[in-house]
There are 2 protein chains.
Amino acid sequence: MKKYKILANEIIEFIIEKNLKRGYKLPKVNEFQQTFGYGKSTVLQALTLLDQQGIIYKVQGSGVFVRRNPGDLKEYVALTENLGFYSNNQNVKTRVLKLEELRLPPKWAVEKGLPASPCYSVKRIRIKEDGPFVIEHSYYSQQSVPYLSREIVEGSIFSYIRQALGKDIRFSEKYMHVVKLTDEQAEFLQLEENDPALEIKEVFSLSDGQIFDVSRLVYNYKNSKFFSQSSDEILS
Amino acid sequence: MKKYKILANEIIEFIIEKNLKRGYKLPKVNEFQQTFGYGKSTVLQALTLLDQQGIIYKVQGSGVFVRRNPGDLKEYVALTENLGFYSNNQNVKTRVLKLEELRLPPKWAVEKGLPASPCYSVKRIRIKEDGPFVIEHSYYSQQSVPYLSREIVEGSIFSYIRQALGKDIRFSEKYMHVVKLTDEQAEFLQLEENDPALEIKEVFSLSDGQIFDVSRLVYNYKNSKFFSQSSDEILS
DNA sequence: TAGTGGTCTAGACCACGGG
DNA sequence: CCGTGGTCTAGACCACTAG
């Protein structure tokens, strides 16, 4: 494990365990250096990672402070993470509506960058305790995901890709707009036709930049909330 | 100007000027080092910045590639930037509905972290060529923004804070959900009651972590699209 | 196995904040 | 002014990719 990740994890643990809140002042950079015996750049690397994740913020000339206790956002879909649709919420059941192979993905998926070659088409509904949560229609390029079964698709496809195929999801883009539900969508989500919904088109890429998944998601407005964050040009 | 920012800007210029597309292979790290006479870490810092902004991606053992031509997203509201509501779209007019001082912000704003002290309340409508775009209801803490006038509020408040007050917006959080419009909102947006809308609560902080602005935005679903992106734990 | 990006260090110097 | 975080370098060594 890389040193900066070890340190980052330690700090996260520390914040969770002590239940620290926004504004709490963390140890200084040189204290972390001494405690762990790391170089300054390595400590800054760890802090930068946490800064990007929204956990802390650094103030030049002053110190390092807690921004958010991770785990305070359980109910939210985190748009700024490389996840399909659920953040920390694990009480989600999956109902598979369709799994088939296609010679070619639909045009809109190819326009978003999915290779124009054979793919899997997966249609699922995700259900929380309080009802249907999201309709998900995904296309997986067989170039990157050569095999999918009903069983895999009933669980987490991303976990399968990571663990069984040993591939890492590296980055994603999400395009959103608000729509009125069609009759069919409303039925799946147990809502009324013309009820509001958020539609998200997602594009996921592997470490080599290859696009392997393009999806269209339609969320139930009654039980879905979303979260996004940004930091100004932070690094080192 | 910092070296890594100079390099980052040069690369962006290069991509725009040559109109490069996703997958284009950029010069190697050591070529940038030699061309600019920079150290390796500095070059990596610049590339990391661009990676975080979604402009490029680095593939270990292979090279550096273009991910997106900046400026390909003009029509989208970029949720992953520290902007109020418009990304690159500059054809936006502002209609000020209200500007007043309050002893205390409303409860929900204080819960989001706005100091429980005097503030400005600003209500505005943003209008694009094709009609009303968003209703914006903002609260600015007088601790950070001691003075606002009608004139300032008719322009860009963020520009004013940056330029006149010399303060930097450092990070933000955005909480979203989909709603049905009330009668009043519908009238402002020239839509119908119960039409869909995206409501976003935004929290903005300065470089010292101080929260200075909490806002509630309600977007017109007919002319608003949103964009978000993420990268897996990138740094150095 | 050569080439390319990633991690890490030690240390010099810079820039900002607060007393 | 001192302390704290930020930038930058040179260079060693690691890890992954591709031919």
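Below, chains carry the letters A, B, ... as their sequence lines are ordered, and counting in each starts from 1. Predicted model, so just to flag it, every value in this text is computed and none were measured.
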Worksheet item: If you check every side-chain atom of A:Y4, which of C:dT7, D:dC8, C:dT9 has the closest atom?
Response: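 Selected nucleotide: C:dT7.
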
To the nearest Å, how far apart are [X] [atom1] and [N] [atom2]?
X: A:L50; N: D:dG5; atom1: CG; atom2: P; value: 14 Å
X: A:E31; N: D:dG5; atom1: CD; atom2: C1'; value: 13 Å
X: A:L7; N: C:dT9; atom1: CG; atom2: P; value: 11 Å
X: A:Y57; N: D:dG5; atom1: OH; atom2: C1'; value: 15 Å
X: B:L44; N: D:dA15; atom1: CG; atom2: P; value: 17 Å
X: A:Q45; N: D:dC8; atom1: CD; atom2: P; value: 16 Å
X: B:Q33; N: D:dC8; atom1: CD; atom2: C1'; value: 12 Å
X: A:Y38; N: C:dA10; atom1: OH; atom2: C1'; value: 17 Å

Would you check if the side chain of [X] reaches a backbone N or O of [Y] as a donor-acceptor pair within less than 3.5 Å?
X: A:E100; Y: A:V122; result: no
X: A:Q163; Y: A:Y160; result: no
X: A:R150; Y: A:V96; result: yes
X: B:R124; Y: B:E154; result: no

Report yes if at least one side-chain N or O of [X] is closer than 4.0 Å to OP1 or OP2 of [N]; otherwise report no.
X: B:N30; N: C:dG3; value: no
X: A:K28; N: D:dT4; value: yes
X: B:K2; N: D:dT7; value: yes
X: B:K58; N: C:dG5; value: no

Worksheet entry | Nucleotide-level pairing of DNA chain D, given in dot-bracket where Watson-Crick and G-U pairs need both distances under 3.5 Å and | marks other strands | ||||||||||||||||||.

Worksheet item: Using 30° and 60° as the class limits, which term best fits the ring planes of A:F32 and A:F36: parallel, tilted or perpendicular?
Response: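 Judged by the thresholds at 30° and 60°, the geometry between A:F32 and A:F36 is tilted.
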
Show every donor-acceptor pair shorter than 3.5 Å between a side-chain atom in residues 11-25 of chain B and any protein atom, with sequence neighbours excluded, or say none if there are none.
from  : atom 1 : to     : atom 2 : distance (Å)
B:N19 : OD1    : B:K21  : NZ     : 3.3
B:N19 : OD1    : B:N69  : ND2    : 3.3
B:R22 : NH2    : A:S205 : OG     : 3.0
B:R22 : NH2    : A:G209 : O      : 2.4
B:K25 : NZ     : B:S62  : O      : 3.3

Fill in: B:D51/A:R170 ion pair, N-O < 4.0 Å
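Counted as a salt bridge, because a side-chain N and a carboxylate O are separated by less than 4.0 Å.
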
Worksheet item: Quick one: does NZ or CZ of A:K174 land under 6.0 Å from the six-membered ring centre of A:F204, within 45 degrees of the ring axis?
Response: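 Not flagged: A:K174 not positioned over aromatic ring of A:F204.
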
Worksheet item: So is A:K225 actually on top of A:Y76's ring, under 6.0 Å and inside 45° of the axis?
Response: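 Geometry flag: set, cation within 6.0 Å and 45°.
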
Discussion item. One character per nucleotide, please: for nucleotides 11-19 of chain C, 5' to 3', B when the base has a protein heavy atom closer than 4.0 Å, S when only the sugar-phosphate does, - otherwise.
Written reply: -----BS--

